[in-house]
Amino acid sequence: MNPRRSASVFSPEILRPAVGASFAKLDPRVQLGNPVMFIVEVGALLTSIIWIVQAAGGSTGSNDPAWFTLTVAVWLWLTVVFANLAEALAEGRGKAQADTLRSMRTDTVATLRDGTTKPAGELAPGDVVVIEAGEFIPGDGTVIEGIASVDESAITGESAPVIREAGGDRSAVTGGTRVLSDHIVVEITQEPGKTFLDRMIALVEGAERRKTPNEIALGILLAGMTLVFLIVVVSLRPFALFSGTDVSTTTLIALLIALIPTTIGALLSAIGIAGMDRLVRRNVLALSGRAVEASGDVDVLLLDKTGTITLGNREATAFLPMPGVGESELAEAAQLASLADETPEGRSIVVLAKQYGLREHEFAPQSAEFVPFTAQTRMSGVNINGDQLRKGAGDAIIDWIESEGGSAPPELRRELDEISSEGGTPLAVARNNKVLGVIYLRDIIKDGMTERFDQLRQMGIRTVMITGDNRLTAAKIAKESGVDDFLAEATPEAKLALIKQEQSEGRLVAMTGDGTNDAPALAQADVGVAMNTGTQAAREAGNMVDLDSNPTKLIEIVEVGKQLLITRGALTTFSIANDIAKYFAILPAIFAATYAVSGSTSGPLDKLNLMNLGSPNSAIISAIIFNALVIPLLVPIALRGVTYRPIGATALLRRNMLIYGLGGIIAPFIGIKLIDLIIHNLLGA
Amino acid sequence: MLQGWIQIAIFFAALVAIVPLLGGYMARVFSGQPVLLERVLGPVERLIYAAIRVKPDRGQDWKAYARSVVLFSIASFVGLYAIMRLQGSLPWNPEGFKAPPWDLSFNTTASFVTNTNWQYYGGETTMSYFTQMVGLAVQNFVSAAVGIAVVIAVIRGIVSRSGTSLGNFWQDLTRATLYVLLPIAFVAALVLVSQGVIQNFSSYSDVTGVVGSVQHFAFGPVASQEAIKELGTNGGGFFNVNSAMPFENSNGLTNFLEMLLVLSIPAALTFTYGRMVGNRRQGWALFAAMSVMFIAAVAVVYTAESNPTPAMTAAGVNAQTTDGTTGGNLLDKEQRFGIANSALFNAVTTVTSCGAVNSAMESFTGIGGAVPMANMGTSEVIFGGVGSGLYGMLLFVILAVFIGGLMVGRTPEYLGKKIEAREIKLATLGALYMPFAVLIATGLGIATEYGKKSLYSGGPQGFSETLYAYMSQGNNNGSAFAGYTGFIQPEAGNAGSFGITFADLLGGGTMIFVRFVPILIVLAIAGSLAGKKVAPTGLGTLRTDSPTFVVLLIGIVVLIGALTFFPALLLGPVVQGLTQELF
């Protein structure tokens, strides 16, 4: 399943139910939540009633032809329908996805460790269940025994299975995913109905959608403007009467609807939903809209070095033998000592050694005794053919050599320091009590990181690299990658302290994390993105989950957050700027004959008919049609979002003011004129 | 016309020159830094605190500050109303004027306490020297000082890094009066006197004119009231014809000085603002936005008044510039000022909430008359009233920051402080209250029988008169278009006179509403901002001192102002500007 990557906004499977929903949403109780559109609906209702009275031959006190009233009424209804459609389209994609997710929530029967069974829906936190290969995991939990490969494509869309094992940072399992091999014992941590899958369904469906603080603020502004225009229109009637002009209720309603910010009012909720949806399509689940907004405001980005700035792992890039030792001798010893080392670093040593023509050694297992890496010894190795081969951190090897009665050559110390100062990681290799040489492990910085950091700087975001490396190494990598700052020898406490420090200076901090020890920092950060591969604790602490577990995702998240705000601002500006043209369409139409010399039908204000619209009725209708049509026309922008460019705030403001401000002034002049040409010249309105 | 443009340019250059001087001085006065005048006036200041039992160092939160503003204004109201109603029994009344009627007194009291100075009466036929000097002129000082105090409190709220205190109202009021208004007004009054503006307590006297008719000349302590009338953007004339009267405004130099006085404090406060927020560019940005709109207003009025209207052309009026004539529309303008300085005076006193006039606005061309209305339609934020102009502008700044902040993709912040729902709610109210008051009052004025009693003309002119009356009162401006009245006075001295109660009460209520609603709003915003953390600025932060932001700010001011009053302006002045008929 992968709906989130395919569905287009206007694909029939989304469009069809959306059209239905947009009529269902005409229910005034739904519209009450949106004052702007509520006013439009009231206007539509009033004009419809006026038309019915006219059609029935009653008196309405105005000279409007019935077709005029009807046309205005129809287009006002359409305005509301278009607004509903925009929202339904935005919701549509999420709905389709939620359905697919729901089908994943199979009613499995869980086998408890004591052999009894229980339906998955009745599992309580603390229950311990056993899951065999081929079975679905019945609920969210933590692996407490075993290791297994798990198919998580149901939630991540990623078909390659992932490893889940007891202990460490990959212990969390998600209900609804399937164990492919082996078997694991899982302790359930979530009640049914509150699992990750349930939350995800609610989220993509928008069931828990609440207005974000910024949306509320904008809503207040729009409601206020609506109120101002209501007063303008209400007071216009006595003003006009004093000037000897009777303006019909239908015309006043048309004017009101044209002036109030219907465009942004109609698209506001669609923009919010689409923003969340854009994150979902990037496989990020934001647990609140507030978090998405906050991500646009991030000032400081904490990035883990490993996996984010550098390729996941250090690679061996050179063997540096001690005097009197051959390079291939060192390579062979290093290879043997690394054979049992399953870490990526260990494998990269084996791979590098192959370049010296060394094949993987064939030997009988019983002749070799592997010494695994421990945190105490900080080295690993093998005892083979009477030789003790060791590989490890420089000072660990030196200690070992000395305990074996040997001594480290002075060249070793020099070599170790030199590699460290270059930002690399040295590993020493020894055979018995003799140091053979050094392996140069290097961090490989990902392609394009420097550009990324430049871009972030332009966005006004400072990047801080978090690493367990010493200061020297950290400084080198920071310089090479172009990151603004670094925190070396980072502990979870240091990380938390850094976040608090930045926040106390008024900055918003974003970070990613996966381990349990990241949880406090994730919770403290304003935007905490937990990796889906991480522990349950980390996933609970963050306010977003990245299903791809890709730490560079933060950059995209920030962009989506900014896009969300920009889209709102741009469409608000466009909406307000539109009013100038609408005034110039409607007011000259209303007052065309006001203060006309007797015998003439055109008074002084007719000169303001700058667009030269065909007739007063066609002018008003054209403005209303434009007002309605601009909503579906802008739906793609609302759903896709206005493109964010990291060009600095002032340049961005200038750009958006030109496009949406100036454009918003000019566009309706053209649009209304075109519509008038059609309805006046072709249809005779 | 070139000569006129040069005069306008010189005036503007003089304004730019005094802004940093006066602005810097006011920043010192209100930041508690020592100023030279303290050596002289310090004891007076301390005496005042002792007399009103105020500890000047005790900070007030926004509610306490607002309470003090309201309390002081109520006391001012009661005092001034009492003076007017007791006028007949009070001294300095050479003509023996009786008390003005209660409804006119209410309107006038509301008008002077709210720094509006709307006048339904003629000063020299209605008010005694005592009322003018002890009543009206005192309010000219303190109502202006209230405006300054409030904006200073707002600035403190914006700047405050912690806590809730906005300063002490009584201290701000006292220092604004003692160190800013009094000394400048004193010097200005002396200069005015030197140019022929009168200052005496003489009885009125009869003079036989050159054509043989006897004219009853009014005198009085004019210069002292004239100086603060301009400096405090009050505008209430000692005489009925305001600054067109030679005793108030005797020549080109006094005219120049009076215009400069009007703009000096509102313009200089932008600099004070920049200094107090620690970034002068912020102040200059606001000054730039205001200046652009001001210059545009001047240009439109001057151009409109220098050229014939379609109606003048249709009627065959020769309005071409020829040898010895300026051309254009000189109707009801003073020859000693000419078109340029009448147009400039008109713009200066309507972008600010001064409202003084040196020519009859009713006789301006349609478009020339539309400009003062458009100026007022911006809620008086193009420099605006002393203090009130800047705090009104800050409401628009918040709206501009909000929309601009969205457009750059950040939750809006101003000077590092987040603009959230509460601030937007208040700023939206701040954009709403004025159109609400003006449009409803105008509607009542135009549509009801009671309202129509005040009307002189019909048609577009009558509409303009009513609209102007309520725009002026509804923006605490006080400028009069003439033709709309709330006071019938068969003869001087108030005997047999009566107020048009409806117009007096509606106008008075409107003035009180539009004065105190925004004060409460901006103080509430200041209170809300005072407690907020300051976020450091970065590349992604919307800069509020850039030309781009200035353009955005102007756009918001013009769009919200123009959009609200566009239909109303069409039916009044714009019709007059386009029609070939005479109404």
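FYI, side chains are in, hydrogens and waters are out, and symmetry mates aren't considered; it's all heavy atoms of this structure. What you see is a predicted model, and the numbers here were worked out from it, not measured in a lab. Per chain, numbering begins at 1; letters A, B, ... match sequence-line order.
- In this structure, chain A has a heavy atom under 4.5 Å from the side chain of B/L559, while its backbone stays farther away.
- Contact of B/V534 with chain A is made through the backbone alone, with heavy-atom distances under 4.5 Å.
- Contacts between A/Q458 and chain B at a heavy-atom distance below 4.5 Å involve backbone atoms as well as side-chain atoms.
- Looking at B/F402, the atoms closer than 4.5 Å to chain A (heavy atoms on both sides) all sit in the side chain, from C-beta outward.
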Q: Assess whether side-chain hydrogen bond (donor to acceptor under 3.5 Å, both in side chains) is satisfied between B/T309 and B/Q576, documenting all intermediate values.
A: CA-CA 9 Å; B/T309 62; B/Q576 289 285 58; over 6 Å; no

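- For A/M459, the part lying under 4.5 angstrom from a heavy atom of chain B is the backbone only.
- Using a 4.5 Å cut-off between heavy atoms, B/L455 touches chain A through its side chain atoms alone.
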Please list every donor-acceptor pair under 3.5 Å in which a side-chain atom of residues 232-241 of chain A meets a protein atom from a residue at least two apart or in another chain.
unit_1	atom_1	unit_2	atom_2	d
A/S235	OG	A/I231	O	3.0
A/S235	OG	A/V232	O	3.0
A/R237	NH1	A/V247	O	3.4

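- Heavy-atom distances place both the backbone and the side chain of A/T650 under 4.5 Å from chain B.
- Of the atoms belonging to A/R457, it is backbone heavy atoms, and not side-chain ones, that fall under 4.5 Å from chain B.
- In this structure, the portions of B/P460 lying under 4.5 Å from any heavy atom of chain A include both its backbone and its side chain.
- Contact annotation for A/E502: neither backbone nor side-chain heavy atoms come within less than 4.5 Å of a heavy atom of chain B.
- For a residue to count as touching a neighbouring chain, one of its non-hydrogen atoms must lie under 4.5 Å from one of that chain's; by this rule A/F229 touches chain B with the side chain only.
- With a 4.5 angstrom heavy-atom cutoff, A/L564 does not touch chain B via any of its atoms.
- Here A/F584 and B/F566 bring their ring centres to under 6.0 angstrom of each other.
- In this structure, B/F513 and B/F436 have tilted ring planes: the angle between them lies in the 30° to 60° band.
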